[in-house]
Amino acid sequence: MSVLVPARNEERSLAACLASLSGQSYPSLEIVVVDDGSTDRTPALVAAAAALDPRVVALRVDGPAPGWTGKNYALAAGVARARGTWLCFTDADTLHRPTSIERALGFAQARGLGLLSMTSRQVTLSFWERVVQPVVFGLLDQWFPLARVNDPASPVAAANGIFLLVRRDVYEAVGGHQAVRGDVLEDVALARNTKRSGHRLAFADGGDLVAVRMYTGLGGIRRGWTKNLYALRDRRADRALASMAELFLTAVWPPVAALLAAVAGLASAGVAIVAAGLVLGVEAAFRARRGFDPFWSPTLPLGAALVLGLLLESAARAWLGLGVSWKDRRYT
């Protein structure tokens, strides 16, 4: 088993991630950390982890080849160095329970899977994380229902790059990261290639095994989701516009309408308030189920309006040919 961790300027979270991987219960583990041209303390942290744990293998690449994203290039280099018959791709800002690898591998082997991905527990600490992240993950649950992803007869495929476990022979058969080298959504692209090739995949709830704090503030949230949201709608204008309309009509407008009706003293205020209460009640139940704090459910209209704007910006950047920026690199 080889775990591969791409790391570009990850000094904030890398040490904790590697410590959680070194503490895994699975005995035969190789941890390949690919430093993707970092300019902060990331190389020193990788070296320190390797000194403490001989299973940690340090590798460095300096910039992607033309046509590649940095992450895909780093992971392809890591796979070339890795020796495992199973490959587990995970991000540098993740934290793993001691049994995460062992349980995921057992789950995959018992079901004859070629690829297993897992959802994760989202750690949200700042105001904007608590406002925005639950709304985005509510959308992802709608766009990629686990039942359809896990149905071999359904064309819907998805994966989460935070934790993606794949059998090496399957990875190589579908072309690996070489086949998705320019895709900023390499996890979803790998899942689609796997499913189209006839291999079994599964997307499971891993909230009790893996945690991640994806972003720390509004700036990171904007950079991350404007990179991904339009791609998650398959770069189709009709799907993006439909999602924007749905956000406005189901999450932004009902609570706002109730507030306006109550302030204006309209006869319909009671009905509007009941409707808004139902919307927020459903949101609170969703947040509790997905590990978000339901106390923040009343911020749904603000979060939905922001996500609508992020999806619009993500789409507009594609329509105007502006590309995306990530980790100090620009991709068109």
Side-chain angles (χ1 to χ4, degrees), residues 64 67-72 91 117 119 122 124 128-145 148-149 154-162 179-193 196 203 212 214-256 279 283 286 290 299-332:
W68 288 73
T69 69
K71 182 177 182 180
N72 289 336
D91 287 347
S117 191
T119 63
Q122 293 292 312
T124 54
W128 292 113
E129 291 171 87
R130 290 167 171 161
V131 169
V132 173
Q133 293 294 82
V135 178
V136 173
F137 281 89
L139 288 177
L140 295 179
D141 282 1
Q142 294 176 37
W143 296 346
F144 302 103
R148 294 187 65 191
V149 173
S154 169
V156 178
N160 179 3
I162 288 167
V180 299
R181 57 191 176 276
D183 203 320
V184 296
L185 277 182
E186 82 293 333
D187 45 7
V188 176
L190 280 170
R192 285 175 175 163
N193 288 350
R196 287 169 182 164
F203 205 159
V212 62
M214 294 179 65
Y215 311 115
T216 59
L218 188 58
I221 288 170
R222 181 188 176 195
R223 288 188 295 274
W225 290 124
T226 55
K227 172 175 70 77
N228 290 338
L229 282 174
Y230 190 56
L232 286 163
R233 293 281 72 200
D234 293 329
R235 300 178 178 87
R236 286 180 48 175
D238 58 335
R239 292 186 178 181
L241 292 171
S243 294
M244 292 178 210
E246 179 186 4
L247 275 170
F248 180 77
L249 293 174
T250 64
V252 177
W253 179 243
V256 172
V279 169
E283 179 68 12
F286 160 75
R290 286 291 257 117
T299 67
L300 172 64
L302 174 60
L306 284 169
V307 173
L308 192 161
L310 293 173
L311 177 53
L312 177 60
E313 181 182 352
S314 182
R317 295 188 68 85
W319 297 337
L320 296 173
L322 299 178
V324 297
S325 296
W326 187 245
K327 301 281 185 179
D328 301 318
R329 290 173 177 150
R330 190 169 190 79
Y331 304 108
T332 56

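Computed from a predicted model, the values in this text were never measured in an experiment.
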Exercise for review: Begin with the C-alpha distance, continue with both residues' side-chain angles, and end with the deciding distance and a verdict on side-chain contact (heavy atoms from CB on, under 4.5 Å) for M244 and L312.
Suggested key: CA-CA 8 Å; M244 292 178 210; L312 177 60; 4.0 Å; yes
Point to revise | Heavy-atom side-chain contact between I221 and L310 under 4.5 Å | key: yes
Point to revise | Residues in salt bridge (charged side-chain N to carboxylate O under 4.0 Å, His left out) contact with D187, at least two apart in sequence or another chain | key: none
Point to revise | Under the side-chain contact (heavy atoms from CB on, under 4.5 Å) test, residues paired with V279 that sit two or more places apart | key: P254, L300
Check your understanding: What is the minimum heavy-atom distance between N160 and S117, and which atoms define it?
Key -> N-OG, 2.7 Å
Study note, to complete from the structure: Hits for salt bridge (charged side-chain N to carboxylate O under 4.0 Å, His left out) against D328, two or more places apart or cross-chain, chain-then-number order -> none
Check your understanding: With a 4.5 Å limit on heavy-atom distance, are the side chains of T69 and K327 in contact?
Key -> no
Practice item. Answer whether the closest heavy-atom distance between the side chains of D91 and M214 falls below 4.5 Å. Key: no
Practice item. Under the side-chain contact (heavy atoms from CB on, under 4.5 Å) rule, collect the residues that match up with V324, sequence neighbours excluded. Key: V184, K227, Y331
Check your understanding: Of all residues at least two apart in sequence or in a different chain, which pass the side-chain hydrogen bond (donor to acceptor under 3.5 Å, both in side chains) check with R329?
Key -> D36
Revision key, fill the gap. T250 meets the side-chain contact (heavy atoms from CB on, under 4.5 Å) criterion, sequence neighbours left out, with E246
Revision key, fill the gap. Sorted by chain and number, sequence neighbours left out, side-chain hydrogen bond (donor to acceptor under 3.5 Å, both in side chains) with E129 holds for S126, R213
Review point. Which heavy atom of G182 sits nearest a heavy atom of N72, and at what distance?
Key: N-ND2, 4.3 Å
Check your understanding: Could you walk me through whether F203 and R148 pass the side-chain contact (heavy atoms from CB on, under 4.5 Å) check?
Key -> CA-CA 10 Å; F203 205 159; R148 294 187 65 191; over 6 Å; no
Check your understanding: Taking only residues at least two apart or on different chains, which pairs with a member in residues 305-324 satisfy side-chain hydrogen bond (donor to acceptor under 3.5 Å, both in side chains)?
Key -> R222-E313, Y230-W319
Review point. Do the non-hydrogen side-chain atoms of W128 and L302 ever get within less than 4.5 Å of each other?
Key: yes
**Study point:** Non-hydrogen atoms of A179 and N193 that approach each other most closely
**Key:** CB-ND2, 4.1 Å
Review point. With side chains defined as the heavy atoms from C-beta onward, is the minimum distance between Y215 and V132 less than 4.5 Å?
Key: no
Check your understanding: Got a second to check how far R223's CZ is from L218's CG, nearest 0.5 Å?
Key -> 9.5 Å
**Study point:** Which residues share a side-chain hydrogen bond (donor to acceptor under 3.5 Å, both in side chains) with W68, sequence neighbours left out
**Key:** none
Check your understanding: About how many Å separate CZ of R236 and CG of D238, when rounded to the nearest 0.5 Å?
Key -> 4.0 Å
Pairs of donor and acceptor atoms involving the side chains of residues 136-143, under 3.5 Å and at least two apart or interchain, shall be tabulated with distances.
unit_1 : atom_1 : unit_2 : atom_2 : d
D141   : OD1    : R290   : NH2    : 3.3
D141   : OD2    : R290   : NE     : 3.0
W143   : NE1    : S243   : OG     : 3.4

Review point. What side-chain hydrogen bond (donor to acceptor under 3.5 Å, both in side chains) pairs are there with at least one residue in residues 300-312, not counting sequence neighbours?
Key: none
Check your understanding: Please walk me through it: do L322 and R330 pass side-chain contact (heavy atoms from CB on, under 4.5 Å)?
Key -> CA-CA 9 Å; L322 299 178; R330 190 169 190 79; 4.1 Å; yes
Study note, to complete from the structure: With sequence neighbours left out, the residues meeting side-chain contact (heavy atoms from CB on, under 4.5 Å) with R192 are F144, A157, V188, R196, D234
Check your understanding: So do the side chains of L308 and F248 get within less than 4.5 Å of each other, counting heavy atoms only?
Key -> yes
Point to revise | F286 side chain reached by V135 side chain, heavy atoms, under 4.5 Å | key: no
